[in-house]
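Below is one structure, written out as structure tokens; comments come after it.
Chain A is the first sequence line, chain B the second, and so forth, proteins listed ahead of strands; every chain is numbered from 1.
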Amino acid sequence: MATPLSTMKFWKPGSEAPGLSEERDLPSETTGSPVVFNPHTALSIEKQRQKLPVFKHRNNILYLVESYQTVIIYLLEAGWAAEGRVIGVTQPRRVAAISVSNRVAEERGALLGHEVGYTIRFDDCSDPQATRIKFLTDGMLVREMMADPLLKKYSVLMLDEAHERTLYTDIAIGLLKKIQKKRRDLRLIVASATLDAKKFQEFFNLNETSDPNKDTCGILTVEGRTFPVDMFYTISPVPDYVKATVETVMKIHETEDDGDVLAFLTGQDEVEKVVSQLQEQARSLSRYGMKKYLRVMPMYAGLPYAEQMKVFDRAPPTVRKVVVATNMAETSITINGVVFVIDCAFVKLRAYNPSTAIESLVVSPISKASASQRAGRAGRNRSGKCFRLYTEEDYEKLPASTVPEMQRTNLTPVILQLKALGIDNVLRFSFLSPPPAQTMIQALELLYALGGLDQYGRLTDPMGVRMAEFPLSPMFAKMLLESGNFGCSKEIVTIAAMMQIQNIFVLPSNQKKVAARQHRKFAVAEGDHLTMLNVFEAFLKHQKSSQWCQEHFLNYKGLLRALTVREQLRRLMNKFKVPRTSSEGDPDVILRCIVAGFFANAARIHHSGSYRTLRDDRELHIHPNSVLFGEKPPKWVVYNEVVQTAKYYMRDVTAVESSWLVELAPHFYKQAKHGSLASKRSRVL
DNA sequence: GAGCACTGC
């Protein structure tokens, strides 16, 4: 049977008007409106040209940037790393810190870990005596400030990828401004790939006169070395970008020369849908003797590691690779050979509601900066093309940049860390983009309820000080610090470590039922926390065998990571002299300890079958990934977090007794006369 | 009955 054909029109850039260019017929199974692209002048990745300020060593830097892609080498040779001083370079992601340090070590002919090194959590490849250029994650830099508040060992700090405005880049920026006032010798280089340069300059410039010669901050614009990318827009808005993505891939495959395709979508569901539709079309194409084959692959963070790695395999010349990805492919990974990009204009972003303390994942339009980043993925090896599944008018309406993470996240851990760094008045902290005041107040209230802050909002000693040292959210830290008293620190440290790992249970798309059956073997009626403890203990019992993990559909790499996290947490527990105790098989001791940390996240069953928060009577549901999903619902539960997707879902849920809540958090809950619980609003002065 | 974008300490 022949594939039904629908006519798709598109125009090459530079053609005079829509309609003048040639039409081609393309196989397509969809019958809806075709995707049509508008001609558009070929434009390189949008970049901004700015006047170069007087910069003495400009030519020198430009030369070095051209040859080595880094200014740091220049600084080293100018003496910034002399007399034991260190040049630090931060990256938002661990892999970037490692790969960039490798590259720089190679170019300097140095052995990694000596003159050039890196430091990330669980992996310190640097030498305090020898390392002069140190790459680290921005989160690690903030941690280092806890031991060395003025970062005295650094002469120069470069914050790379600052335009991404990740949470820790922003925290580092705010803290560095404060440090710079006390350390006039500290030099800062902020590397940004977008139009934010001006904002950074205004933030860091200490010049209060109108004389630009007194500026303490200058901008240097350096052109990137990417290839031009032609832009195509649709003529009219696309009603269904999933369908349009499929059509556009097929059109590219039919009409364009060699080159792989990268398509951006918002989530796992959409990715899998497009992959299966494309595979179906590819099969019918091969029956019709197309010269080239399509190899379609999904890419998202939740995919098992082995399947993720497949997108990096080089395809033979007779095969065109199509990678259908989430936003992961925008910054975190780079796939070589991509010449065509398809951009749906949407992304799933975290949002935080300070009045309900609930995080949600919302499909939102991308920013122009993000659109540019996506398009750039087509021009890494040679000139490419970017097909935007939206009109040029809609592009113009997109916001210039994405809302910084600082403004759309729960700030409880951040506020605690700032307090620990001596920032007394966090509300007046110099944020590059201040978060909502209510988010900060909400964080202060929770920290007070946990005992990390006193009634005046001051860090408590030892509780608050210790909580801040844990690389975990404060509720976890509280639970860990109390576990010795409850008599279950051995079990709690494992539970806390396991809860930091995503996707412990692997569900391969072709064996979901078998996998789920294996997973049920670990499930216990109390809930997810004890189930995770079971999984980890079974893993140890089977000598950490990867074979055993595979048979039980468990994430082996994740479990190894839990082992490392557990080790780090144990060291901190020892440091704070938390007694090493075991519950010896008594589950209640462990559950009570969980309540000591997570009492604020409590819910009771409602006659409708769903749950209601104790805090504000909000409707909640058990997440489908919880072992309690589909079971007889316990009357009272505590949970690690709530995420809002289609509904408000509690993730990592455990059954508790209501009496424990009153007993362990009397400051937070009071027993009402009729036997139900109500929350007291705790306030920080 | 139904689902998780992506990082980091």
If you measure only the distance, is there a donor-acceptor pair under 3.5 Å linking the side chains of A:Arg93 and A:Thr137?
-> no
So, are A:Arg121 and A:Glu567 salt-bridged, with charged N and O less than 4.0 Å apart?
-> no
Touch class at under 4.0 angstrom, heavy-atom based, for A:Arg94 against every strand present = sugar-phosphate
Touch class at under 4.0 angstrom, heavy-atom based, for A:Ile120 against every strand present | sugar-phosphate
When you list every nucleotide of DNA chain B with an atom under 4.0 Å from a heavy atom of chain A, which one comes first 5' to 3', and which comes last?
-> B:dG1 to B:dC9
State plainly whether the residues A:Lys575 and A:Glu469 are in salt-bridge range, i.e. N to O under 4.0 Å.
-> yes
Could you pull out all donor-acceptor pairs under 3.5 Å where a side-chain atom in residues 322-334 of chain A meets a protein atom, sequence neighbours excluded?
{"from": "A:Thr326", "atom 1": "OG1", "to": "A:Met328", "atom 2": "N", "distance (Å)": "3.3"}
{"from": "A:Asn327", "atom 1": "OD1", "to": "A:Arg374", "atom 2": "NH2", "distance (Å)": "2.9"}
{"from": "A:Glu330", "atom 1": "OE1", "to": "A:Ser370", "atom 2": "OG", "distance (Å)": "2.9"}
{"from": "A:Glu330", "atom 1": "OE1", "to": "A:Arg374", "atom 2": "NE", "distance (Å)": "2.9"}
{"from": "A:Glu330", "atom 1": "OE2", "to": "A:Ser370", "atom 2": "OG", "distance (Å)": "2.7"}
{"from": "A:Thr334", "atom 1": "OG1", "to": "A:Arg377", "atom 2": "NH1", "distance (Å)": "2.7"}

Have a look at A:Asn625 and say if it touches a base, only the backbone sugar-phosphate, or nothing, with a 4.0 Å heavy-atom cut-off.
-> base
Salt-bridge criterion met for A:Glu144 and A:Lys134 (N-O under 4.0 Å) | yes
Would you mind classifying the nucleic acid contact of A:Arg93 as base, sugar-phosphate or nothing, using non-hydrogen atoms under 4.0 angstrom?
-> sugar-phosphate
Answer with base, sugar-phosphate or nothing: what part of the nucleic acid does A:Tyr649 contact at a heavy-atom distance below 4.0 Å?
-> sugar-phosphate
Using a 4.0 Å heavy-atom cut-off across all strands, classify A:Gly630 as base, sugar-phosphate, or nothing.
-> base
Which part of the nucleic acid, if any, lies within contact of A:Thr645, taking any heavy atom under 4.0 Å across all strands shown: a base, the sugar-phosphate backbone alone, or nothing?
-> sugar-phosphate
Under 3.5 Å, sequence neighbours excluded: what are the donor-acceptor pairs made by side chains of residues 553-562 of chain A?
{"from": "A:Asn555", "atom 1": "OD1", "to": "A:Lys557", "atom 2": "N", "distance (Å)": "3.3"}
{"from": "A:Asn555", "atom 1": "OD1", "to": "A:Gly558", "atom 2": "N", "distance (Å)": "2.9"}
{"from": "A:Asn555", "atom 1": "ND2", "to": "A:Asn503", "atom 2": "O", "distance (Å)": "3.2"}

Which residue, A:Arg561 or A:Asn503, contacts DNA chain B at a nucleotide closer to its 5' end, judged by nearest heavy atom?
-> A:Asn503
